[in-house]
Protein chains: 2
Amino acid sequence: MYQILFNYIHNYSQMILTSEEMELIKNTFQPKKLRKRQYFLQEGDISKFTGFITKGAMRQYYVDEKGVENVINLFIENYWATDRKSFFDLKPSIFYIDAWENTDLLIITRADMAELMKKIPAINEMIRIMDDKNAIASQNRINAAISISAEMRYENFLKSYPQFIQRFPQHQIASFLGITKETLSRIKKKTLK
Amino acid sequence: MYQILFNYIHNYSQMILTSEEMELIKNTFQPKKLRKRQYFLQEGDISKFTGFITKGAMRQYYVDEKGVENVINLFIENYWATDRKSFFDLKPSIFYIDAWENTDLLIITRADMAELMKKIPAINEMIRIMDDKNAIASQNRINAAISISAEMRYENFLKSYPQFIQRFPQHQIASFLGITKETLSRIKKKTLK
DNA sequence: AAATATCATTGATATTGATCAATGATATTT
DNA sequence: AAATATCATTGATCAATATCAATGATATTT
């Protein structure tokens, strides 16, 4: 289980972890299992942990005034699940995060992560690269949301994140893309021809 | 001019810079002046620098197949202007960044910034906090773009970024929000009553 | 000051995508 | 296997926003 995290760190940092560092990581990240539909975070709670997914799938959403779930992030293996805002300022979150499949996580608090960043250069570098990639991906998503049609947005999604199609039902993906399930159904039908 | 950057670093890092560190910063960041409408980055060029704005206003946009400018970021004092993707991988950008007012920048390359992060703890911490805040702001923008109406989006913008209203014409703000200038004009008229 | 460019508003119409409602298909639970 | 819940499709209608075109207002340049 930790091996997946070690690989991830190596991948991002391009650095080799010493066996002491691996020990420290094992002692700091706690394993957590969630069954399908179980919450990792609920509205009003503080996102005290960030969780590295070694197996499974999760989604982050908020519930609007009408009671509708708006999916804002989808996560699978090798993603980090947290509400970044609440995790940053330790104030109550407006989001829910739940498991969409039975999921294995390695969880860590913000304070512990800060410690590890100081003690383990590879972790520090990993976070830096993650932040760079996350900023780029967010910018892409913003551009897509404000300047292209639902159809193109779905097409881009298919191209960039094909793995997600197998893991989440269509209406969740529609919500993630900011369109209704009916519209997505029609888009699929249309592009199929 | 450098004082504005020093203040910014202090603000974000909550750390005090030594006079040696200040010297190093002065020797690494280069001042650059742009006149209104002058480009900082053009499509096809590599975003070799990130620029800290000490005075002025800039915008980032791309030009779509129809030749329409799509504004994706607006910057004023105390913002950093760069195409983060191109700056990260040093590949050609798809964006333009230009000055909307006469603008003063302090510019630095990615390599030099990496050096400073190693040598100056306050800079390292500043970048970390910037990345956190940027991730949070991006998430907010994504949520707004995919799940709320143009009217609410403008209202939120007014509340969160009132300074921008004075600095950019309405059609630029409309584009930034992902709506047409005509729709924005009608929204303003409606909410005025 | 006149000429020109930029920016903002308004009206008429078109388009995209949302909403509402029904039906079918596929999983999951009993 | 039957019952139930979840997921996907389809049709009819509606609402939000875009597009096109004209006009006015405000800056900027000559």
Side-chain angles (χ1 to χ4, degrees), chain A residues 35-38 57-59 61 63-71 74 96 98-102 143-158 164-193, chain B residues 35-38 57-59 61 63-71 74 96 98-102 143-158 164-193:
Chain A
R35 290 184 326 284
K36 177 164 184 168
R37 291 289 187 173
Q38 205 177 345
M58 305 178 82
R59 59 193 189 120
Y61 60 93
V63 177
D64 64 24
E65 335 73 52
K66 291 178 199 149
V68 177
E69 290 181 1
N70 288 267
V71 176
L74 299 172
Y96 295 83
D98 69 5
W100 192 253
E101 300 171 2
N102 294 334
N143 297 351
I146 66 176
S147 70
I148 70 176
S149 68
E151 189 171 338
M152 285 295 295
R153 222 145 72 229
Y154 179 64
E155 211 174 277
N156 288 354
F157 179 78
L158 270 185
F164 285 85
I165 304 288
Q166 274 81 38
R167 307 291 286 275
F168 296 95
Q170 204 164 296
H171 64 281
Q172 303 286 349
I173 288 168
S175 177
F176 175 78
L177 291 172
I179 58 187
T180 59
K181 54 191 197 305
E182 293 91 345
T183 296
L184 182 52
S185 176
R186 289 180 181 114
I187 285 170
K188 281 183 69 180
K189 193 181 171 188
K190 192 176 154 204
T191 51
L192 220 112
K193 289 175 191 170
Chain B
R35 290 186 324 285
K36 177 164 185 171
R37 290 289 189 177
Q38 205 178 344
M58 306 179 81
R59 58 195 189 120
Y61 60 94
V63 176
D64 64 24
E65 335 74 52
K66 292 178 199 150
V68 177
E69 290 179 1
N70 289 266
V71 176
L74 298 173
Y96 295 83
D98 69 6
W100 193 254
E101 301 171 3
N102 294 335
N143 296 352
I146 66 176
S147 70
I148 71 176
S149 69
E151 189 171 336
M152 285 295 293
R153 223 146 70 229
Y154 178 64
E155 210 174 279
N156 287 353
F157 179 78
L158 269 185
F164 285 86
I165 304 289
Q166 274 81 38
R167 307 292 285 276
F168 296 94
Q170 206 165 295
H171 64 281
Q172 303 287 349
I173 288 167
S175 177
F176 174 78
L177 291 172
I179 58 186
T180 61
K181 55 191 195 307
E182 293 91 344
T183 296
L184 182 51
S185 176
R186 289 180 181 113
I187 285 170
K188 280 183 69 180
K189 192 181 170 187
K190 194 174 153 206
T191 51
L192 219 112
K193 292 174 190 171

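A, B, ... follow the sequence lines: proteins, then strands. Residue 1 opens every chain. Predicted model, so just to flag it, every value in this text is computed and none were measured.
Atom CD1 in A:Ile187 sits roughly 14 Å away from atom C1' in D:dA8 (whole-Å rounding). Atom C1' of nucleotide D:dT29 and atom CZ of B:Arg37 are separated by 14 Å, given to the nearest angstrom. Rounded to whole angstrom, the span from the CZ atom of B:Arg35 across to the P atom of D:dT29 amounts to 12 Å. If you measure from atom CZ of A:Phe168 to atom P of D:dA8, you get 13 Å, rounded to the nearest angstrom. Distance, B:Glu151 CD to D:dA15 C1': 13 Å, rounded to whole Å. Following rounding to the nearest Å, A:Lys190 (NZ) and D:dA8 (P) show an atom-to-atom distance of 20 Å. Look at CD on A:Glu69: it is 10 Å from P on D:dC7, rounded to the nearest Å. Separating the CE atom of B:Met152 from the C1' atom of D:dT17 is a distance of 17 Å, rounded to the nearest angstrom.
Taking a pair as Watson-Crick or G-U wobble with both distances under 3.5 Å, the runs of three or more consecutive pairs in DNA chain D are C:1-30 with D:1-30.
Nearest nucleotide to the A:Lys66 side chain, out of D:dC7, C:dT19, C:dG17: C:dT19. Distances were taken from every side-chain heavy atom of A:Lys188 (C-beta onward) to each of C:dC7, D:dT9, C:dT9; the shortest belongs to D:dT9. Here C:dA12 is the nucleotide among D:dT9, C:dA12, C:dG17 with the atom lying nearest to any side-chain atom of B:Arg186.
Taking the six-membered ring where the residue is Trp, A:Tyr61 and A:Tyr96 present parallel rings, their angle staying beneath 30° rather than reaching 60°.
Contact annotation: A:Lys189 reaches the phosphate of D:dT10 (side-chain N/O to OP1 or OP2, under 4.0 Å). Phosphate contact (OP1/OP2 of D:dT6, side-chain N/O of A:Gln170, threshold under 4.0 Å): absent. Between A:His171 and the phosphate of D:dT6, there is no side-chain N or O to OP1/OP2 separation shorter than 4.0 Å.
For residues 168-180 of chain B, the set of pairs meeting the salt bridge (charged side-chain N to carboxylate O under 4.0 Å, His left out) definition, not counting sequence neighbours, is empty.
Checked against A:Arg153 for a side chain to side chain contact (heavy atoms under 4.5 Å, CB included), the options A:Ile187, A:Ile179, A:Leu184 give a single hit: A:Ile179. If you run salt bridge (Lys or Arg N to Asp or Glu O under 4.0 Å) between A:Glu101 and each of A:Lys36, A:Arg167, A:Arg35, A:Arg37, only A:Arg167 comes through.
Taking every heavy atom of both residues into account, B:Thr191 and B:Glu151 meet most closely at CG2-OE2, 3.6 Å.
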Close N/O contacts between protein and nucleotides 22-28 of chain C (under 3.5 Å):
none

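Of the inter-residue distances, the one linking A:Asp64 atom CG with B:Ile148 atom CD1 reads 11.0 Å to the nearest 0.5 angstrom. Here the CE atom belonging to A:Met58 is positioned 7.0 Å from the CG atom belonging to A:Asp98, to the nearest 0.5 angstrom. Atom CD1 of A:Ile165 and atom CG of A:Leu158 lie 4.5 Å apart (nearest 0.5 Å).
Of the residues in residues 172-184 of chain A, those lying under 4.0 Å from DNA chain D by heavy-atom distance are A:Glu182.
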Could you give the side-chain donor-acceptor pairs of residues 169-178 of chain A under 3.5 Å, partners two or more places apart or in another chain?
| from | atom 1 | to | atom 2 | distance (Å) |
| --- | --- | --- | --- | --- |
| A:Gln170 | OE1 | A:Lys188 | NZ | 2.8 |
| A:Gln172 | OE1 | A:Arg59 | NH1 | 3.0 |
| A:Ser175 | OG | A:Val71 | N | 2.8 |

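In this structure B:Arg186 satisfies the side-chain hydrogen bond (donor to acceptor under 3.5 Å, both in side chains) test with no other residue, sequence neighbours excluded.
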